[in-house]
Every structure is written in C-alpha cells, then in structure tokens.
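Working notes for the structure below.
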Amino acid sequence: MENVKNRSDHPLNSILRTDRIPHIWCPGCGIGTAFSACMMAIQTSGIDLDKTVMVSGIGCSGRGAGYTRLDSYHTTHGRAIPFASGMKLANPELNVVVFSGDGDLFAIGGNHFIHAARRNMDITVVCVNNLIYGMTGGQAAATTPCQAKTTTTPRGNPDPPFSLPLLAFAAGASYVARWTILHTRDLTKSIEEALNRRGFSFIEVLAPCPTGYGRRNKQKPLDTLKIYQERTVIKNGAHPMDAVMEFGSSITLGKFIDEERPTFSENYDRTCRPQSA
Amino acid sequence: MKPAVLTGEHFMTGDVACAEGALAAGCLFFGGYPITPATEIAEHMAARLPDVCGTFVQMEDEIAAMASILGASCAGLKSMTATSGPGFSLMMENLGLGICTETPCVVVNVQRAGPSTGLPTLGAQGDMMQARWGSHGHYEIIALAPASPQELFYLTITAFNLSETYRTPVLIMTDEVTGHLSERVVIPEARAIKLRQRPRPKGRKDRFKAFQPGPNGVAPMAIAGEGYGIHVTGLTHDERGYPGMNAETQLEMMTRLTRKIQNNLDDIIRTESYRLEDAEIVLVSYGISGRSSLAAVDEAREQGIQVGLLRLITVWPFPERQIQELAERVRGFVTVEINLGQVHLEVQRCAGGKVPAILVGHPGGSVIPPEQIVQTLKAAF
Ligand code: SF4
C-alpha cells in the first residue's frame with residue numbers, strides 16, 4: 001500500500017486528489033478501474049480541465065467525485081443528474097460528467113435519468129453497474145439479475161432487472177454504450193467520444209462487486225472477470241433491444257446509439273429566445 | 001423585451017411580485033415544478049427569464065427542482081424555486097445539501113393547508129416548523145415571512161441578499177392569500193436596489209480552502225469552472241471540503257455552519273413594531289396574519305385595551321431577544337398564526353413563564369379575522 005501511496009509518477013496524478021488516496025474501494029472492486037478509465041478519458045479528450053466538473057450521487061461509485069482534483073460535487077442519493085443539469089444550464093461552457101452507480105442512477109434517481117435523457121441534457125453519464133447496493137452491504141438493486149442472492153433477496157431475487165441501454169435509448173439518450181472494466185480501452189475511448197459530443201451520453205460499465213454481490217453468488221473477483229472475458233460479444237451499432245445481458249450465456253457490449261439531436265439548451269434558445277438565437 | 005427591473009407602479013399578485021423581486025435581485029435560474037398556489041411564480045419566471053438571459057426549466061419533480069437550483073448556484077448563478085406544502089416536503093432532502101454545502105439559493109413556499117394534499121387552494125401557515133426543522137440533522141435556517149405583494153417583492157430581494165451573504169438557502173414563507181392577493185406594488189429604479197453578492201476567493205488557487213471562513217464567519221465561494229479544483233460534499237467535511245467521518249470534524253463543521261448565522265443576527269433579523277411603546281399586551285404575528293393583527297391592534301385600542309404588534313419579518317432565526325425584552329415589561333403575549341401553534345411554541349419559550357402567552361390560531365383555510373383576535377384578547381386579559 002505504501003508504495004502505491006507514494007508513487008509520484010502515476011499518469012493520472014495531475015487530476016487525482018492524491019492526498020485522499022488510498023480510496024475506500026475494496027480489493028477486487030471494479031469501480032477503481034472504471035474511474036481510472038473515466039479520468040484517463042477526461043485527460044486525453046482535450047477538453048479544458050478547468051471547465052470540467054464531476055458530479056456524483058451516493059454509494060461506492062458515488063465516491064468517485066471525491067478523488068478527482070477537478071471541481072467535484074458529491075450530492076444526495078439519486079440526485080446527481082438534476083444537480084448536474086442545473087450546473088450545465090447555468091454555465092454551458094462547463095463539461096459536466098456524472099459518475100455514479102446503478103442503484104443511485106436507476107432506482108432512486110431513475111426518474112431524473114429518464115427526463116434528462118428525454119431532454120438531451122448536454123451531460124455525460126458514466127454508470128458503474130455492479131448489480132447491487134455495495135455501500136449499504138449488498139442489497140438488491142434495479143439491476144440485480146433475477147434469482148441472484150442479495151441481503152434483501154436471501155432466497156433469490158424475484159424481480160427482473162432493467163436493461164440500462166434500452167432504458168436510456170427509449171428515454172431519448174443520444175449516445176448509449178456498454179462496456180465492462182475488462183474492456184478499458186473501448187471504455188476509455190467511449191467516454192472520450194462522449195465528452196467531445198453534444199447531448200445526453202450514457203455509458204454503462206459492468207464492474208464486479210466481490211464484497212456485496214460476488215460473495216453471495218459464488219463469484220470470486222476473477223470469476224466475474226472470466227464472465228466478462230468469455231461471454232461478452234461486441235456488437236457496435238446493435239439495437240439496444242438486442243443488447244442482451246445474460247450472465248450465463250451472453251452479454252452484448254458496444255456503442256449502440258450515437259445520434260445528433262438538439263440539446264435542451266439549443267431547443268430552449270430556439271424556442272424561448274428566438275431573437276438571440 | 002422587458003428589462004429585469006420593471007421600475008414603476010403596478011397592480012400585481014403576490015406571486016408575480018415575488019417573481020419580479022427575484023428578477024430585480026439578479027436571479028437568472030429557476031428550476032420549478034407546478035403546484036397550487038405557487039405555480040404563478042414559475043409561470044412568470046418562465047415568461048420573463050429568457051429575455052434577461054436567464055434560464056427556466058420545469059423539472060420532473062420538486063426533488064429535481066431543488067437539486068437543479070443548487071447546481072446552478074454552484075455554477076455561479078443566483079437561483080430560485082417556488083413550491084407549496086407537498087413540494088416543500090420533497091425539497092427537504094436537498095435543502096439539507098444546500099445548507100451543508102453552503103450553497104446560496106432562495107426557496108419560496110406559498111403555504112396551503114396540510115397535512116398531505118390538504119386544501120390546495122386555501123391558505124395556511126402550517127409549514128413554519130417544517131421550515132425550521134424539516135430537513136434532517138441540526139442546522140440554522142433563514143426564513144422570511146412577507147405580509148403583502150409589495151413586501152414579497154422586497155423580501156425576495158432581501159432573501160437573495162441574505163443567501164448570498166451567508167452562503168445558505170433562504171426560505172420565503174408566504175401563503176396562498178398573500179400569493180394570490182392583487183395589490184399595488186411599487187418597483188424602484190434598478191440603481192436604488194442594493195444587491196449583495198456571495199464572498200469570492202482571492203489569492204492563490206492552489207492554497208484555497210473551500211470552506212475556510214472569512215472574517216464574518218462565511219467562507220468565500222469558488223464557482224465551478226474557475227480552476228480552483230474544489231470538492232463539495234454533503235458528507236461531514238473539513239475546511240478543505242474533504243470528508244471526515246468523526247465527531248471532531250462534525251463538531252467543527254457544525255460550529256462553522258451555525259456560527260455564521262448566530263453571529264450575524266443583527267443583520268438577519270427583521271421585525272416591525274406597531275404601537276408597542278405603551279403596549280401591555282403584545283400580538284406576535286407574521287405574514288398574512290400580521291395584517292389581521294394590525295387591524296386588531298387598532299380595534300382593541302379603540303376599546304381601551306393597550307395592545308401592540310410585533311410583526312416577525314424574519315421568523316427563523318427566531319427573534320428571541322426581542323420577545324425576551326418585551327417579556328420584562330408587558331402583561332402577556334398573543335401569537336396569531338394560521339396553524340394550531342408553531343411559532344407560538346417559540347413565543348412561549350421566550351416569554352419564559354414570566355407572562356402568559358396564548359394563541360389565536362386555526363388549522364388553515366381562511367385568514368384570521370381581527371374581531372376574533374380582539375375577542376380572545378378581551379376574554380384572556
Ligand atoms: S462494496 Fe462492492 S462496490 Fe463497494 S467498494 Fe466494495 S467491492 Fe466495490
């Protein structure tokens with residue numbers, strides 16, 4: 001741990017809040033990799049770092065905002081997106097990145113997600129999907145697979161999960177992609193691409209939570225990574241309806257949607273202040 | 001295209017006057033959600049903001065509305081939302097975030113009778129304790145209670161000024177009657193309106209501590225995108241803004257958050273006195289009930305009872321000292337409010353058992369007639 005802490009040559013040092021490292025994430029957790037990919041994308045994208053803001057909600061992934069040297073806002077549970085929307089509308093020059101988890105963005109924050117997507121709010125949303133509530137100790141989420149064991153579904157989850165890319169697409173997101181933390185190059189490229197485009201971009205990142213999910217579902221961290229390696233199929237351009245996520249058989253990855261359409265601000269200016277547009 | 005400040009004489013409702021007050025204060029962002037009887041504020045802002053380079057957004061619910069105004073404020077704009085009881089309940093979560101992160105903004109509650117959906121179109125003052133304690137945890141809050149459309153205009157400006165000065169959400173606790181009342185509203189020239197802005201950081205950016213208080217106890221505020229690289233969290237945090245999960249950091253933060261209000265009460269607390277000099281009985285009231293009380297004072301005086309009125313313009317922080325001083329020389333207090341005794345609890349507390357304090361109140365749906373106040377006075381004293 002000590003040498004990790006003292007390394008001065010880490011390529012992301014300039015945008016990490018190194019005085020807050022070590023982070024809180026468990027060994028084997030996938031969030032750190034997703035976070036690094038996000039930081040790497042921000043660093044290489046060429047966007048103005050002083051004008052780049054990270055907003056998080058609550059949960060293990062929600063702690064992301066606390067580890068970057070960028071202006072960062074760690075808000076309330078589920079509310080990162082409306083907070084981020086207010087920021088972006090107040091200062092359109094800001095690049096606003098929401099980094100948070102599946103429980104935060106799609107259960108308590110689900111309503112905010114679909115409306116920001118509908119409006120094509122010009123923000124980038126990176127969702128670390130680990131299928132579980134990690135921070136509170138492994139309860140079922142809106143993404144937990146049917147029959148999976150969690151502390152609130154001790155006999156198996158009776159509920160079906162959301163397909164996040166399909167939900168994002170149906171709500172109107174203009175960029176939709178899904179990767180895993182094993183596909184860091186694609187993931188980083190995807191986030192970079194999202195940062196440099198206008199509109200509501202959504203990137204789902206599958207990541208293991210060995211502590212909350214793996215332990216109860218007979219998956220060691222490496223087992224999860226094996227699933228990511230062996231059962232994933234990259235199908236760029238696939239319809240989100242066909243982006244399956246069957247952990248026993250096949251998981252579709254790729255960039256599914258990349259369409260230009262007017263953002264909230266463009267529509268607002270055009271409609272509400274035609275004289276200045 | 002109309003300017004931000006509509007200088008002149010107008011006949012307008014309280015809700016519209018509130019919106020005009022916000023524009024005159026330099027509000028450039030409104031995140032709203034429709035709710036009776038506050039909707040007209042959102043509607044008016046939706047019509048007016050685009051012309052003054054501002055933005056109106058109707059969010060998906062009041063939770064989002066509150067979150068959006070915090071985000072907008074952190075990005076540098078004066079921001080506001082307006083709601084009524086049910087929406088106010090939903091805003092409580094992010095109101096706490098605003099307090100903890102010291103984010104200036106203004107929240108208007110045009111009160112209607114509750115609990116629950118209650119009486120959507122009829123007024124009440126039943127959310128006063130929710131205004132004080134509605135979000136979880138211990139905190140200080142500033143809440144103003146206007147009694148007329150004209151005062152709604154001015155106090156909305158005051159609310160922005162206080163929120164900017166003390167980096168905290170400020171509540172305007174009005175009610176359906178005042179919000180829907182049409183009266184004369186005089187709007188002064190823009191240059192006659194004194195505006196305050198949030199304290200801003202100076203000096204080296206890399207040494208800046210986002211929550212280190214300045215001389216008046218308020219930390220200068222860096223705006224997102226300025227290159228300060230700040231971290232802002234609703235977790236208990238130290239002066240750098242870093243989370244600290246222990247009792248010491250909690251105590252330190254809470255001391256900062258409460259002191260900046262408690263040490264500036266003279267600037268924050270506003271009251272209005274009417275015929276108090278020789279009063280034996282003091283009516284304590286606010287908002288629309290303050291107007292009933294004003295009429296009651298004159299009526300009671302005509303009948304030979306020496307009554308005066310202390311109208312609370314700032315309800316929170318509570319004007320303790322003012323009531324305690326009066327308790328030394330008067331025979332009793334009568335709290336007049338449209339609820340079953342909320343601010344009354346504070347009046348009783350500050351009367352400290354020295355003199356009796358009674359309540360004239362009802363649970364909402366109508367204003368309190370002055371005669372009822374006079375009758376109660378006569379019966380009790
Ligand atoms: S509980 Fe799970 S998600 Fe949270 S840090 Fe540990 S492994 Fe990661």
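In this text the structure is predicted, and so the values were computed from the model without any measurement. Residue numbers begin at 1 in each chain, while the letters A, B, ... track the order of the sequences.
The two atoms that bring B/Glu93 and A/His77 nearest to each other are OE2-O, 4.0 Å, heavy atoms only. Shown here for A/Arg17 and B/Gly229, the closest heavy-atom pair between the two residues is NH2-O, 2.8 Å. Annotation for A/Gly66 and B/His231: closest pair CA-CE1, 3.3 Å, computed over non-hydrogen atoms.
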Report task. Give the intermediate values and the outcome of side chain to side chain contact (heavy atoms under 4.5 Å, CB included) for residues B/Met66 and A/Thr76. Result -> CA-CA 11 Å; B/Met66 187 68 213; A/Thr76 37; over 6 Å; no

Query raised in the report: Stepwise, does the side chain to side chain contact (heavy atoms under 4.5 Å, CB included) test hold for B/Glu226 with A/Asp50?
Result: CA-CA 6 Å; B/Glu226 291 184 325; A/Asp50 277 351; over 6 Å; no

Query - Stepwise side chain to side chain contact (heavy atoms under 4.5 Å, CB included) test for B/Val232 and A/His74 - result: CA-CA 6 Å; B/Val232 175; A/His74 179 225; over 6 Å; no

Query - Residues A/Tyr73, B/Thr233; criterion side chain to side chain contact (heavy atoms under 4.5 Å, CB included); working and verdict - result: CA-CA 6 Å; A/Tyr73 294 83; B/Thr233 176; over 6 Å; no

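Contacts of A/Arg20 with chain B are made by side-chain atoms alone, with heavy-atom separations under 4.5 Å and no backbone atom involved. Interface residue B/Leu70: backbone and side-chain heavy atoms are both found under 4.5 Å from chain A.
No salt bridge links B/Glu60 with A/Arg118; every basic N to acidic carboxylate O contact stays at or beyond 4.0 Å.
A donor-acceptor pair under 3.5 Å is formed between the side chain of A/Arg273 and the backbone N or O of B/Pro50. Without hydrogens or angle criteria, A/Tyr268 side chain to B/Phe56 main chain gives a donor-acceptor distance under 3.5 Å. In this structure a side-chain-to-backbone donor-acceptor pair under 3.5 Å is present from A/Asp71 to B/Ile230.
The line from OG of B/Ser68 to CE of A/Met121 is 8.5 Å long, rounded to the nearest 0.5 Å. Atom CD in B/Gln58 sits 7.5 Å away from atom CZ in A/Arg119 (nearest 0.5 Å). Taking NE2 of A/His112 as the reference point, atom CG of B/Asp61 lies at 5.0 Å (rounded to 0.5 Å). Separating the CG atom in B/Asn94 from the OG1 atom in A/Thr75 is a distance of 7.5 Å, to the nearest 0.5 Å.
Each of B/Gly225, B/Gly227, B/Ala75, B/Pro243 has some count of heavy-atom pairs under 4.5 Å with chain A, and the biggest count is that of B/Gly225. Highest contact tally toward chain A, considering only B/Ala64, B/Ala46, B/Gly31, is held by B/Ala64 [criterion: heavy-atom pairs under 4.5 Å]. Chosen from A/Val53, A/Leu70, A/Ile81, the residue pairing most often with chain B at heavy-atom distances under 4.5 Å is A/Leu70. Between chain B and the options A/Leu89, A/Asp48, A/Val55, A/Ile15, heavy-atom pairs under 4.5 Å are most frequent for A/Leu89. Of the listed residues (A/Asn111, A/Asn91, A/Val96), the one with the most heavy-atom contacts under 4.5 Å to chain B is A/Asn111. Ranked by heavy-atom pairs under 4.5 Å with chain B, the first of A/Ser72, A/Ala80, A/Gly78, A/Cys272 is A/Ser72. Counting heavy-atom pairs closer than 4.5 Å to chain B, the top residue among A/His115, A/Lys88, A/Glu93, A/Lys51 is A/His115. In terms of heavy-atom pairs under 4.5 angstrom with chain A, the leader among B/Gly234, B/Gly241, B/Gly71 is B/Gly71.
Counting non-hydrogen atoms of neighbouring residues, nucleotides and ligands closer than 6.0 angstrom, the CZ atom of A/Phe264 exceeds 12 such neighbours. Residue B/Arg207 qualifies as open at atom CZ: its count of foreign heavy atoms under 6.0 Å is 12 or below.
Remark: the B/Tyr242 side chain and the A/Asp19 side chain contain an N/O donor-acceptor pair separated by less than 3.5 Å.
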